[in-house]
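Note that ligands are numbered from 1 as they come in the structure, with each ligand's atoms numbered from 1 the same way. Here, residue 1 is the first one in the sequence, and each next residue gets the next number. Atoms considered below: every heavy atom in the structure, side chains included; atoms not considered: hydrogens, waters and symmetry mates.
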Amino acid sequence: MRDAAPTTIYLKDYTPFGYLVDSVHLTFNLAQHATRVTSRIAFRPNPDATDRTFFLHGEELTLIRAAIDGEVISPDISDKGLTAQVPDAPFIWEAEVEIDPGNNTALEGLYMSNGMYCTQCEAEGFRKITYYPDRPDVMSTFTVRINGDLPVLLSNGNPTGSGEGWAEWTDPWPKPAYLFALVAGELVAHPDKFTTRSGRDVELNLWVRPGDEGKCAFGMEALKQSMKWDEDVYSREYDLDVFNIVAVDDFNMGAMENKGLNIFNSSAVLASPETSTDTNFERIEAIIAHEYFHNWTGNRITCRDWFQLCLKEGLTVFRDAQFTSDMRSEPVKRIHDVIDLRARQFPEDNGPLSHPVRPESFQEINNFYTSTVYEKGAEVIGMLKRLVGDDAYAKALDLYFERHDGQACTIEDWLQVFEDTTGRDLSQFKRWYSQSGTPRVKVAEDWADGTYTLTLSQSTNPTPGQSEKLPQVIPVAVGLLGANGDEVRGTEVLELTEAEQSYSFTGLASKPVASILRGFSAPVILEHDHGNAERAFLLAQDTDPFNRWEAGRSLAQDTLLRMITEDAAPNADYLDGLLAVLRDGDLDPAYRALMLGLPTQSELAAALHESGTTPDPLAIWASVETLRQATAQHVQDLLPRLHSEAVIDAPYDPGAAQSGKRALGGAALALTSRLDGGAKAAEEYAKADNMTLQLTALSCLLRARKGEAELAAFYDQWRHDRLVMDKWFALQVSMAAPEATPQTAQSLTEHADFNWKNPNRFRALMGSLAMNHAGFHQTDGAAYQLLADWLIRLDPVNPQTTARMCSAFQTWKRYDADRQDLMRHQLTRISETPNLSRDTTEMVTRILGA
Ligand code: PHE
Ligand code: ZN
């Protein structure tokens, strides 16, 4: 329901709640359309607060009864919550409300998915369960009794009683309401055990629907590895007797770190070789780790208010990235993360949705679970670690856990810990949390008398609400290479703090080649016009694996941009350099596969736009096709060897070694298919015995405009499997030719299996439409209209997912006037829809820049 005038909440307005909560007792009587929730809450006045207004959040609740210290009262009720007169002393609040989980399609609060009850309370969903001060700085222990005739009844904490039709759970750790969870259903467990290093035996369970038992083993292993890793690397132990994970099919996000009861989108936990790709396995491992790591960074230490979201998310993403690097390959993980950052965070940070890592205002907090808060938030932690060093980082983290355990904290608390550990003044560094936009670092070089001088200057374009930008602290890792590729200076971290600064390296025998921003040491755009010969040299010689990859990437980008703007032919330096890297059998196959990647078409559009050229999506698409074809021809003789290197003579394993080989094999198959019209891909499809190979072969066939029979066979083979069917939908839209894309997507919306109320299915189709750059931007605007139609349809059902998908339009001002008109028209049409949700209203308004 839309507010008459949407209210904006500001960070600067924070005040503590007038009351503290000592304990919460909840009783649930489950019924599909009339669940009764009884609460008994011990409040007392908060000595640190001045405002004693007793306001409890509550939305979409029917109040049956409320009482204070046993006396029935009649509170003032609005559509946001209630207010009541309360004693100026400790008191007991009791309430009974009725809710309707069976009609909760927004998937926030208590809802149903395939006959199972489950909850999602972050950020502000608990207020749809009962009246409560639904804010993260109000923490309490919870005891929960669930009454319902379902076999499995779960909540947070430890089980403290159960019988026929009921179960009781007690969570001894004080927590905010957003970490509350309840699950009830006909579920089966995949059980295991873990003993913490101090000897606590923990029962582990992964709960799934009957039929999914075979997809649990990998997630469970990942959980145990995560528990061990957090002990080894951060000295963090688990703190309850049980740890439960539940898989649900209908979920707006990836997963949720509820205390002791993580709830996962089934796509983020269920895996088997037959149904999941290597990429799925890696993502699942990372998300399991992420949610588990939240137990300390998020749960034991939580956020004071939602503006501090990056306090838990940036840190936890950083930790899960460290975990993945340790489990797999550090350079490969770093390259994957930078690819994702550029594909998702850079467009956000350089468009109308740009906001600081710690936003200062919002209308709907659900709109700020963004790549900026998460991924740029993690980059900020990485920079901090790089600046203070590994030892100081470890000490600061120990102090953070010791000082703030059990508290709801701010970014100021976090930075104070680092200042106290290192004696460093972090006030300038703090701009990373308040200043939005991606800094650009320009490189100028000078060489004279054995001295190499590097001059770095920084600037950030204006972003919404921030026209003036101040210099930030940018760690720039630099190494110098000699003509033969030797490192004449090892990696050194330069601290760029001024608008412009110079750094001299003396006593050099000859002019070095600089390798700048090694390991992507800061989330910036590096502007370095060093020419393709030097890029080719770095591609061949750089000792930093990230920058070696980066050199190939910038060569590829340069050649693509010249093909588009100057009608140039594919650059020979790029093709030769690539061939040499691919030939190098000592290099990790996963790394070689990454070398074959190209900048996304959307990134190319951004680069053109920034250099003052209006991007033409079809020309961009054509340049990529031409370069791919040229690459295939150039490396043709090597392809058989690459295919043989990818052959695996062992049972399927999703680990780094095998998945790297499959990635290289897949990249080689894509090139081969450009030469043989898909003949080899058809063979590979026929013999594929895991989803990675099957999907790779099928995508090569579709790209070659073949594979109709395989697509139909795939459907028949997998129509019973929800997660595989998501892939079937996504693949067809992703692989469609530009001119066929809108129609392909449109026909698929009419398919019987397009269950659009399921967020995974909706995103599989509509998300792929938005990601198919040339298809989405067809000149007639058909794709814009199709997406807008569906967003308008989904909004009343699921505002969160609708709002998130509006970001497909965030780059609309990059394009030509006709496309801009078409997109503005659709955005306006969405914004003018009667009763549009607060979520979508805020997004569309920001994108339009009104
Ligand atoms: N806190 C969750 C995570 O980072 C994400 C999430 C946010 C899930 C809001 C649901 C709702 O893992
Ligand atoms: Zn998280």
For ligand 1, what is the set of protein residues having any non-hydrogen atom at a distance below 4.0 Å? Gln120, Glu122, Met253, Ala255, Met256, Glu257, His290, Glu291, His294, Lys312, Glu313, Tyr369, Tyr374
With a cut-off of 2.8 Å, does Glu257 place any N/O/S atom under that distance from the Zn ion (ligand 2)? no
How about Met771: does its CE atom have over 12 heavy atoms from other parts shown lying under 6.0 Å from it? no
Checking ring pair (Phe, Tyr, Trp, His ring centres under 6.0 Å) against Tyr238, which of Phe194, Phe243, Trp173 comes through? Phe243
Would you please name every residue forming a ring-ring contact (aromatic ring centres under 6.0 Å, His included) with Tyr111, sequence neighbours left out? none
Using the rule given for ring pair (Phe, Tyr, Trp, His ring centres under 6.0 Å), can you reason through Tyr292 versus His294, listing the C-alpha separation, both sets of side-chain angles and the distance that settles it, and then say yes or no? CA-CA 5 Å; Tyr292 176 73; His294 267 315; over 10 Å; no
Atom of Glu313 nearest the Zn ion (ligand 2) (restricted to N/O/S, atom name only): OE1
Report the residues that fulfil side chain to side chain donor-acceptor pair (under 3.5 Å) with Thr802, sequence neighbours left out, ordered by chain and then residue number. none
The Zn ion (ligand 2) to His290: nearest N/O/S atom name: NE2
If the condition is side chain to side chain donor-acceptor pair (under 3.5 Å), which residues does Asp137 pass it with, not counting sequence neighbours? Tyr14, Arg135
Could you verify whether a donor N or O on one side chain and an acceptor N or O on the other, from Glu237 and Thr196, lie under 3.5 Å apart? yes
